[in-house]
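Accompanying notes for the structure given below.
Not measured: the values here are computed from a predicted model.
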Amino acid sequence: QVQLVESGGGSVQAGGSLRLSCAPSEYTDGFGCMGWFRQAPGKEREGVAAIDSDGKINYADSVKGRFTISQDIAKKTLYLQMNSLKFEDTAMYYCAARTNRCWFRSTVLFGREIYNNWGQGTQVTVSS
């Protein structure tokens, strides 16, 4: 397993933007698929966005039209551009990656159980 390192979190007012990045902490041949999760205090960790092995992208309904996930395959880096941030987006954001390939069967995000590499998280705080 490879430790992932997230960056780009911070505090922003509602309506603002942040860009999160995620990169492996050591050399890796790459990942089959990657995604972003978030966890607010007192709530379960939930999927936000993910990219499968064919480059297909899925989003949680709550962030569609506001968040954009992308990746730099050569750098093995994952990004999450977050625009029009809302108070309810406040959470710890985690990057996740699966060593093996994976493909979406529908518009439903992968559950956290398929990922075997995780980051420590980066805090996003949105003030209203």
Side-chain angles (χ1 to χ4, degrees):
Q1 296 179 352
V2 175
Q3 183 69 40
L4 303 173
V5 180
E6 303 97 337
S7 61
S11 297
V12 64
Q13 289 189 332
S17 299
L18 286 173
R19 188 190 193 213
L20 306 184
S21 299
C22 166
S25 62
E26 60 188 80
Y27 174 79
T28 174
D29 288 335
F31 304 107
C33 50
M34 301 182 75
W36 289 98
F37 286 75
R38 68 185 181 186
Q39 187 168 17
K43 295 186 178 181
E44 292 188 357
R45 192 171 299 189
E46 63 175 0
V48 175
I51 301 177
D52 75 4
S53 296
D54 285 341
K56 183 178 178 181
I57 292 173
N58 275 345
Y59 295 97
D61 288 341
S62 59
V63 306
K64 284 181 181 176
R66 301 187 298 119
F67 290 11
T68 302
I69 188 172
S70 61
Q71 63 181 3
D72 183 327
I73 295 176
K75 295 182 180 179
K76 299 155 189 174
T77 300
L78 187 70
Y79 304 98
L80 185 68
Q81 178 66 44
M82 305 185 295
N83 298 329
S84 302
L85 282 162
K86 302 176 181 180
F87 174 76
E88 49 265 39
D89 294 319
T90 296
M92 186 71 78
Y93 283 71
Y94 297 90
C95 176
R98 175 180 169 92
T99 303
N100 297 329
R101 294 165 65 84
C102 51
W103 297 270
F104 291 122
R105 296 183 179 179
S106 67
T107 59
V108 177
L109 287 166
F110 295 128
R112 56 184 296 184
E113 68 278 359
I114 76 146
Y115 297 101
N116 60 333
N117 303 277
W118 287 86
Q120 293 296 313
T122 184
Q123 178 67 38
V124 171
T125 302
V126 184
S127 56
S128 58

Contact summary for [X] and [Y], nearest pair of heavy atoms:
{"X": "Met34", "Y": "Cys95", "value": "CE-SG, 4.0 Å"}
{"X": "Ser84", "Y": "Arg66", "value": "O-NH1, 3.0 Å"}
{"X": "Tyr59", "Y": "Thr68", "value": "OH-CA, 3.3 Å"}
{"X": "Ser21", "Y": "Trp36", "value": "O-CH2, 3.6 Å"}
{"X": "Ala40", "Y": "Ala91", "value": "N-CB, 3.8 Å"}
{"X": "Gly32", "Y": "Ser53", "value": "O-OG, 2.7 Å"}

Quiz prompt | Those residues that, when tested against Asp29, pass salt bridge (charged side-chain N to carboxylate O under 4.0 Å, His left out) (two or more places apart) | solution =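 With neighbours one apart ignored, the set is empty.
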Exercise. Check salt bridge (charged side-chain N to carboxylate O under 4.0 Å, His left out) between Asp52 and all other residues, then give those that pass, not counting sequence neighbours.
Key: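 Testing Asp52 for salt bridge (charged side-chain N to carboxylate O under 4.0 Å, His left out), a comparison that skips the adjacent residues, returns none.
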For [X], does the [atom1] atom have more than 12 heavy-atom neighbours from other residues, nucleotides or ligands under 6.0 Å away?
{"X": "Ile73", "atom1": "CD1", "answer": "no"}
{"X": "Glu44", "atom1": "CD", "answer": "no"}
{"X": "Gln3", "atom1": "CD", "answer": "yes"}

Quiz item: So, Thr99 versus Asn116: side-chain donor-acceptor pair below 3.5 Å or not?
Solution: yes
Quiz item: Is it true that the side chains of Thr77 and Asp72 contain a donor and an acceptor less than 3.5 Å apart?
Solution: no
Supply the atom-to-atom distance [X] [atom1] to [Y] [atom2], rounded to the nearest 0.5 angstrom.
{"X": "Cys102", "Y": "Ile114", "atom1": "SG", "atom2": "CD1", "answer": "4.0 Å"}
{"X": "Arg19", "Y": "Gln81", "atom1": "CZ", "atom2": "CD", "answer": "6.5 Å"}
{"X": "Lys43", "Y": "Arg38", "atom1": "NZ", "atom2": "CZ", "answer": "8.5 Å"}
{"X": "Leu78", "Y": "Ile69", "atom1": "CG", "atom2": "CD1", "answer": "4.5 Å"}
{"X": "Gln13", "Y": "Phe87", "atom1": "CD", "atom2": "CZ", "answer": "13.5 Å"}
{"X": "Lys56", "Y": "Phe104", "atom1": "NZ", "atom2": "CZ", "answer": "7.5 Å"}

Self-check item: ILVMFWY cluster, Val5 and Leu80 together (side-chain gap under 4.5 Å)
Solution: no
Self-check item: Hphob cluster co-occupancy, Val12 + Leu20, side-chain heavy atoms under 4.5 angstrom
Solution: yes
Quiz item: Centre of Phe31's six-membered ring, under 6.0 Å away, within 45 degrees of the axis: is that where NZ or CZ of Arg98 sits?
Solution: no
Self-check item: Partner of Phe37 under ring pair (Phe, Tyr, Trp, His ring centres under 6.0 Å), chosen from Tyr94, Tyr93, Tyr115, Phe110
Solution: Tyr115
Practice problem: Please report the C-alpha distance between Trp118 and Leu4 in whole Å, then the side-chain angles of each, then the deciding distance to 0.1 Å, and finally whether the side-chain contact (heavy atoms from CB on, under 4.5 Å) criterion is met. | Solution: CA-CA 6 Å; Trp118 287 86; Leu4 303 173; 5.6 Å; no
Quiz item: Hey, mind stepping through Lys76 and Thr28 against side-chain contact (heavy atoms from CB on, under 4.5 Å) and telling me if it holds?
Solution: CA-CA 8 Å; Lys76 299 155 189 174; Thr28 174; 3.9 Å; yes
Quiz item: Excluding sequence neighbours, so at least two apart, what forms ring-ring contact (aromatic ring centres under 6.0 Å, His included) with Phe67?
Solution: none
Exercise. Determine yes or no for a side-chain-to-main-chain donor-acceptor pair under 3.5 angstrom, with Asn117 supplying the side chain and Val2 the backbone.
Key: yes
Practice problem: Using a strict 4.0 Å threshold on nitrogen-to-oxygen distance, state whether Lys64 and Asp61 make a salt bridge. | Solution: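 Yes, charged N to carboxylate O under 4.0 Å.
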Exercise. Would you please test Leu18 and Val124 for side-chain contact (heavy atoms from CB on, under 4.5 Å) and show each step?
Key: CA-CA 8 Å; Leu18 286 173; Val124 171; 3.9 Å; yes
